[in-house]
Amino acid sequence: MGGYSLSSPSFTLKRTQWCGLLRSEHIGQTVTLAGWVQRRRDHGGLIFVDLRDREGLAQVVFNPELDSLVHSSAHSIRSEYVLAVKGLVRERPEGMVNPKLATGSIEILAEELEILNPSKTPPFMIEDRVDVSENIRLKYRYLDLRRPAIFNNMLVRHKTAQCVRSFLNDHGFIEVETPVLTRSTPEGARDYLVPSRVNQGYFYALPQSPQLFKQLLMVAGFERYYQIVKCFRDEDLRADRQPEFTQIDLEMSFITEEDIISVMEDMVTTIFKEIIGLDLVTPFPRITYAEAMARFGLDRPDTRFGLELVDVTDVVKDSGFKVFAEAAQKGGIIKAINAKGAASLSRKDLDDLTGFVAIYGAKGLAWIKVNPTGWQSPFAKFLSEEEKQGLTAKLGMEEGDLIFFGADSRPVVNAALGQLRLLMAGSSS
RNA sequence: GGGGGCGUAGCUCAGUUUGGUUAGAGCGCCGGCCUGUCACGUCGGAGGUCACGAGUUCGAGUCUCGCCGUCCCCGCCA
């Protein structure tokens with residue numbers, strides 16, 4: 001690499017405006033833009049270049065009749081070239097307005113062009129609709145970050161952090177940074193370890209959360225503390241789980257459970273209002289852990305749809321169907337979900353679903369189809385008339401319905417039917 | 001720790017079930033033409049270690065074994 005010079009920069013055109021913020025109020029002004037080439041449309045005569053900066057796109061027009069030299073050098077422009085362009089902002093001709101662009105009513109008539117940097121052909125298009133593997137995107141992270149959608153993610157994160165700080169500051173919280181290289185404070189997850197050079201053979205543990213320090217601050221009388229902080233947990237990954245992540249960590253003294261819930265509802269409501277303009281209604285609906293497990297089988301229930309789990313243990317605990325009876329005898333439970341109108345599922349579909357619940361430890365998946373001709377089910381013949389009536393009433397069974405049963409220990413039944421519920425609703429992969 | 005999917009052009013994928021002539025498509029890329037496009041149009045063209053290695057076979061992108069990479073899930077994780 002060469003050395004750096006403190007002498008004048010090697011470019012002559014200095015940016016005066018953001019591309020994406022040009023509006024009709026700028027018509028008549030001569031501006032200088034700097035940015036990346038989104039796309040070039042070369043008509044042989046006229047050349048259109050969409051120039052992109054972090055605020056958006058603006059269309060630059062190169063006209064051979066205006067300056068044939070500038071026009072001919074515009075000929076060599078390719079995607080992702082970095083340009084500086086000086087030109088007149090003018091209203092677009094009649095019928096040429098592009099309503100899809102915020103800058104679509106104006107364009108810049110190029111008078112000077114400086115190619116600040118050429119670019120190799122990028123491995124994928126810099127646009128929101130890209131369909132590229134995570135691998136490729138990460139390999140060319142600097143290109144992926146140019147995409148408006150990704151930039152916007154970062155922007156939302158920035159605004160949210162600012163919003164949270166502002167809210168908590170206004171509510172008497174004090175932001176404190178806590179140490180990262182520290183002693184292990186086991187919380188269940190494995191620690192990330194950092195070897196110590198000074199104390200050979202010893203290790204620091206990266207914090208799974210700032211728990212210990214938070215308590216220290218409370219004992220010391222800080223009253224209200226917060227921190228937007230990285231946490232580290234050395235566990236295996238999932239699609240939605242990373243080994244390092246950021247928490248809004250906070251603590252309050254001399255308060256009740258209702259106080260903390262209320263402040264958190266206020267904070268979340270403020271974030272949604274300020275960041276995306278959405279009004280949330282408080283108080284938020286509340287549900288106990290026991291109720292969540294009973295009705296949805298999971299501690300993070302998706303309450304946007306029905307398909308709730310129904311405990312039918314008392315109806316079939318003495319059933320002639322051994323799978324039910326034995327589950328009850330061993331202290332387990334029998335639960336069911338009514339997939340309304342799903343009786344049209346094929347035998348293969350049901351076999352696939354049986355394989356699906358097996359992932360969560362279920363040894364089988366009993367089912368009943370309510371057909372026009374009556375019940376269709378591998379085990380209905382073992383049920384008494386009383387049990388059939390009990391199930392019909394408790395599950396609201398009607399023609400066209402498909403009922404799934406789980407009979408096992410409570411955790412297995414909840415996990416299997418809880419996940420099956422999500423699958424049937426199409427809200428999970 | 002365990003199970004499953006995927007790997008073919010720069011990118012996204014088809015082709016693998018049933019081995020058989022020169023491995024295809026869309027987008028992108030390169031060149032010609034084009035003065036109102038905005039996912040420009042049009043004509044032409046280039047581009048391949050079928051992840052890698054070994055094996056079976058007259059013949060392997062296709063079958064077998066191994067190996068590497070990657071994604072998803074279970075366990076784990078609050």
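Since the model is a prediction, treat every value here as computed from it, not as a measurement. So you know, we letter chains A, B, ... as the sequences are listed, proteins then strands, and number each from 1.
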[atom1] spacing across the pair [N] / [M], given as an integer number of angstrom:
N	M	atom1	value
B:rC27	B:rG69	P	35 Å
B:rA39	B:rG28	C1'	12 Å
B:rG47	B:rG31	P	16 Å
B:rC67	B:rG7	C1'	13 Å
B:rU18	B:rU42	C1'	43 Å
B:rU12	B:rU57	P	37 Å
B:rG75	B:rG53	P	39 Å
B:rA23	B:rG48	P	12 Å

Residues touching RNA chain B, which here means a heavy atom under 4.0 Å, drawn from [range]:
range	result
residues 137-145 of chain A	none
residues 90-101 of chain A	A:Arg90, A:Arg92, A:Pro93, A:Met96, A:Asn98, A:Lys100
residues 126-134 of chain A	A:Arg129, A:Asp131, A:Val132, A:Ser133

Counterpart residues, salt bridge (Lys or Arg N to Asp or Glu O under 4.0 Å), relative to A:Glu25 (two or more places apart):
none
Return the set of residues passing side chain to side chain contact (heavy atoms under 4.5 Å, CB included) with [X] (not counting sequence neighbours), or none when no residue passes.
X	answer
A:Thr288	A:Ala290, A:Glu291
A:Ser344	none
A:Asp42	A:Arg40, A:Ile47, A:His75

Could you state the [atom1]-[atom2] distance from [X] to [N], rounded to the nearest angstrom?
X	N	atom1	atom2	answer
A:Met125	B:rC27	CE	P	11 Å
A:Asn63	B:rU37	CG	P	15 Å
A:Asp67	B:rU35	CG	P	18 Å
A:Phe48	B:rC40	CZ	P	12 Å
A:Leu423	B:rC74	CG	P	13 Å
A:His75	B:rC30	NE2	P	11 Å
A:Glu80	B:rC11	CD	P	17 Å
A:Asp42	B:rC43	CG	P	18 Å

So, using ring pair (Phe, Tyr, Trp, His ring centres under 6.0 Å) as the criterion, who are the partners of A:Phe124 when residues are at least two apart?
none
Around [X], counting heavy atoms of other residues, nucleotides and ligands shown, do more than 12 lie under 6.0 Å from its [atom1]?
X	atom1	value
A:Arg157	CZ	no
A:Glu91	CD	no
A:Leu69	CG	no

Might you list the N or O atoms of the protein lying below 3.5 Å from N or O atoms in nucleotides 76-78 of chain B, with each pair's distance?
unit_1 : atom_1 : unit_2   : atom_2 : d
B:rC76 : O2'    : A:Glu235 : OE1    : 2.6
B:rC76 : O2     : A:Arg241 : NH1    : 3.4
B:rC76 : N3     : A:Arg241 : NH1    : 3.1
B:rC76 : N3     : A:Arg241 : NH2    : 3.3
B:rC76 : N4     : A:Arg238 : NH2    : 3.1
B:rC76 : N4     : A:Arg241 : NH2    : 3.0
B:rC77 : O2     : A:Arg241 : NE     : 3.0
B:rC77 : O2     : A:Arg241 : NH1    : 3.4
B:rC77 : O2     : A:Arg241 : NH2    : 3.0
B:rC77 : N3     : A:Arg241 : NH2    : 3.0
B:rA78 : OP1    : A:Glu187 : O      : 3.0

So does A:Glu308 pair up with A:Arg295, basic N to acidic O under 4.0 Å?
yes
When you check the gap from the basic side-chain N to the acidic O, do A:Arg146 and A:Glu80 get nearer than 4.0 Å?
yes
Does a donor on one side chain and an acceptor on the other come within less than 3.5 Å for A:Asn135 and A:Ser133?
no
Any donor-acceptor pair under 3.5 Å linking the side-chain atoms of A:Ser262 with those of A:Asp259?
no
Is any side-chain heavy atom of A:Arg41 closer than 4.5 Å to one of A:Gln59?
yes
With a 3.5 angstrom cut-off on both distances, give the Watson-Crick or G-U wobble partner of [N], or none if there isn't one.
N	answer
B:rG44	B:rC30
B:rG20	B:rC58
B:rG1	B:rC74

Show which side-chain atoms of residues 328-336 of chain A pair as donor or acceptor with protein atoms under 3.5 Å away, not counting sequence neighbours.
unit_1   : atom_1 : unit_2   : atom_2 : d
A:Lys335 : NZ     : A:Met293 : O      : 3.2
A:Lys335 : NZ     : A:Ala294 : O      : 2.9
A:Lys335 : NZ     : A:Asn414 : OD1    : 2.6

Would you indicate what A:Glu107 reaches in the nucleic acid, counting non-hydrogen atoms under 4.0 angstrom: base, sugar-phosphate, or nothing?
base
Tell me, which pairs form a side-chain hydrogen bond (donor to acceptor under 3.5 Å, both in side chains) where one or both residues lie in residues 206-230 of chain A, sequence neighbours left out?
A:Asn169-A:Tyr226, A:Glu175-A:Tyr226, A:Thr178-A:Gln227, A:Glu187-A:Ser209, A:Asp191-A:Gln208, A:Lys214-A:Asp249, A:Tyr225-A:Gln227, A:Tyr225-A:Asp249, A:Lys230-A:Glu244
Distance, nearest 0.5 Å, that separates CZ of A:Arg54 from CZ of A:Arg52
13.5 Å
Using modelled atom types and a 3.5 Å cut-off, is there a donor and acceptor pairing between side-chain atoms of A:Asp349 and backbone atoms of A:Ser346?
yes
Identify whether a stacking contact exists between A:His43 and B:rU37, where the ring centres must be under 5.5 Å apart and the planes under 30° apart.
no
Compare side-chain N and O positions of A:Arg41 against OP1 and OP2 of B:rU37 and report whether any pair is under 4.0 Å apart.
no
A:Phe379 vs A:Phe324 aromatic rings, parallel, tilted or perpendicular, using cut-offs 30° and 60°?
perpendicular
Give me the distances for all protein-to-nucleotides 2-10 of chain B N/O pairs that come in under 3.5 Å?
unit_1 : atom_1 : unit_2   : atom_2 : d
B:rG10 : O2'    : A:Pro123 : O      : 3.4

Look at the side chain of A:Asn135 and decide which nucleotide, out of B:rC74, B:rC29, B:rU70, has an atom nearest to it.
B:rU70
